[in-house]
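Working notes, structure below.
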2 protein chains.
Amino acid sequence: MRGDGGGYDPDHMKRSEPGLHPVLAELLPAELHALCTQVQAGKGERLFATGKKPAFMFFVICGEVTLERLGRNGESVILQRSRHGFVGEASLNSPRYHCDARAVADSTLARIPIRELRASLERDPVFAMRWICMLNREVKRLRMQCERFSLNGVQHRLIHLIETEGTQGRYPLGAGLKSVAKELGVTHEALYRCVAALEKNGDLLRDGGELHLLREPAA
Amino acid sequence: MRGDGGGYDPDHMKRSEPGLHPVLAELLPAELHALCTQVQAGKGERLFATGKKPAFMFFVICGEVTLERLGRNGESVILQRSRHGFVGEASLNSPRYHCDARAVADSTLARIPIRELRASLERDPVFAMRWICMLNREVKRLRMQCERFSLNGVQHRLIHLIETEGTQGRYPLGAGLKSVAKELGVTHEALYRCVAALEKNGDLLRDGGELHLLREPAA
DNA sequence: CGTACTTTTGAATCGCATCAAATCTGGTGG
DNA sequence: CCACCAGATTTGATGCGATTCAAAAGTACG
């Protein structure tokens, strides 16, 4: 039921010291590989706290992590919710964490020591350029996500998701429609109804593990 | 009514070839300084177009620039609204622009040649690290914007905006509430009503050029 | 078999988009 | 100084669509 690992060998997360996650293995230079460790975080566990000196950067492999900050009245404001990818890149250059990180579901994470990561970036321009490209992709992805959120109507958002994040009109639902609903910022009920309506119209097919957009809905 | 120039000498924008903007002067290495030019863009002018080969990156000094994409029905969707800072960082390593940039107010911009920028990044690790820090801030901002869009209710979004993008509960409205409404992804009518309700409750003050959140609304 | 979860459908409510229109504002020119 | 216009601001009325609450049916797992 964690399901959001991106299609990699699910056995990974059971091993105590598995190989580095493919995305990280490709991005990071060899000298950092050995310094990264894979860790488990139980639901509710805190990864780091506001004000502490940043020691590690985290990469979410599966599960869910939030960054939160306290508002002026003590209520917590969620800054970011991550189910896959880096968390707290900003801590790379901060003397202190500016927010709390908390696993809101049982999660598998890669832990990268910041001091050594920094050192590698400063000494290896090719790695630095890869890192910049990674950040550029992240910026682009986030902009598309903002665009999607700015659409009104579940149907518009769903189609935008399939067309921008999917391939050939196909979008894999790793963890079920319910998690897709969260990604779209709508309730799962609304998404179920939307999918059902599109299917009845013959605009969409649900083939087991993926959504297949057949044509542009007339409406 | 532009107001967001960051407090620098307003005469800057009148000179035809003024010194480089302080933020850029600090960020960019010396060899790039001479290659940057300051340009004026009239309201409505397009800085670059989707699909074109990226030649320049822009930095907004004053005025307002939007990044937009065309939705399927020809309506333009705003991805980003920038009154100060970089526009189109992602074009650094892209063969094509993935969106349009347009000045929505008379604006002063710095124009940086991408080819030379990339060359400097590849050869100068210290500069690359500064660039990475800049991108980190941008990623952080975008993540917060996504989180904001995921909130339901105009009020929640507005408060989140003030608490995350503002300082001390104060948020400057450079171009009026109408542009804030777009930033929040709601109609301006809805935002006006929300602000009016918060003011009547004594939770919010509208002091000329800025919103001031006095306390957390009980509701 | 029972537990826990997802999936699905139903019904009621509410908030926002939408359309409309009045007021206010700053700017321009007679 | 006034007439006038374009844009921002504000208020009102209406309808739709998503949220919400509720519950049933399907599914995986021990």
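Within every chain, numbering begins at 1; the chains are lettered A, B, ... in the order of the sequence lines, protein sequences first and strands thereafter. On a predicted model such as this, the values are computed, not experimentally measured, just so you know.
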Under the rule for salt bridge (Lys or Arg N to Asp or Glu O under 4.0 Å), what residues qualify as partners of [X], not counting sequence neighbours?
X: R193(A); value: none
X: R206(A); value: E199(A)
X: E45(A); value: none
X: E138(B); value: R143(A), R141(B)

Between [X] ([atom1]) and [N] ([atom2]), how many Å, whole number?
X: L151(B); N: dT19(D); atom1: CG; atom2: C1'; answer: 15 Å
X: E199(B); N: dT10(D); atom1: CD; atom2: C1'; answer: 12 Å
X: H156(A); N: dC16(D); atom1: NE2; atom2: C1'; answer: 13 Å
X: L191(B); N: dT11(D); atom1: CG; atom2: P; answer: 13 Å
X: N152(A); N: dC16(C); atom1: CG; atom2: P; answer: 11 Å
X: L173(B); N: dT9(D); atom1: CG; atom2: C1'; answer: 13 Å
X: L211(B); N: dT9(D); atom1: CG; atom2: P; answer: 11 Å

Quiz item: By ring-ring contact (aromatic ring centres under 6.0 Å, His included), which residues pair with Y171(A), not counting sequence neighbours?
Solution: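 Partners of Y171(A) by the ring-ring contact (aromatic ring centres under 6.0 Å, His included) criterion come out as none, since no residue qualifies.
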Quiz prompt | Summary of protein contacts for nucleotides 24-30 of chain D, nucleotide by nucleotide, where a base hit scores B, a sugar-phosphate-only hit scores S (4.0 Å, heavy atoms) | solution = -------
All side chain to side chain contact (heavy atoms under 4.5 Å, CB included) counterparts of [X], not counting sequence neighbours:
X: F56(A); result: F58(A), R111(A), P113(A)
X: A55(B); result: none
X: A110(B); result: L24(B), F59(B), I61(B)
X: N93(B); result: C133(A), N136(A)

Practice problem: For C146(A) and C146(B), work out which heavy atoms get closest and say how close. | Solution: SG-SG, 3.7 Å
Tabulate atom names and distances for all N/O pairs under 3.5 angstrom spanning the protein and nucleotides 7-10 of chain C.
residue: dT7(C); atom: OP2; partner: K178(A); partner atom: N; Å: 3.4
residue: dT7(C); atom: OP2; partner: Y192(A); partner atom: OH; Å: 2.4
residue: dT7(C); atom: O5'; partner: Y192(A); partner atom: OH; Å: 2.7
residue: dT8(C); atom: OP2; partner: R206(A); partner atom: NH1; Å: 2.9
residue: dG10(C); atom: N7; partner: R193(A); partner atom: NH1; Å: 3.0
residue: dG10(C); atom: O6; partner: R193(A); partner atom: NH2; Å: 3.3

Quiz item: Just to confirm, is there a sub-4.0 Å distance from OP1 or OP2 of dA17(C) to any side-chain nitrogen or oxygen of T187(B)?
Solution: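 Answer yes for this pair, as a side-chain N or O of T187(B) is under 4.0 Å from OP1 or OP2.
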Quiz item: With L211(A), which of L198(A), I159(A), L173(A), L205(A) fulfils side chain to side chain contact (heavy atoms under 4.5 Å, CB included)?
Solution: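 One option only clears the test, and that one is L173(A).
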Exercise. Estimate the overall bend of the helix from dC1(C)-dG30(D) to dG30(C)-dC1(D) from the end axes over five pairs each, rounded to 10 degrees.
Key: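 Comparing the first five pairs with the last five, the axes sit 40° apart.
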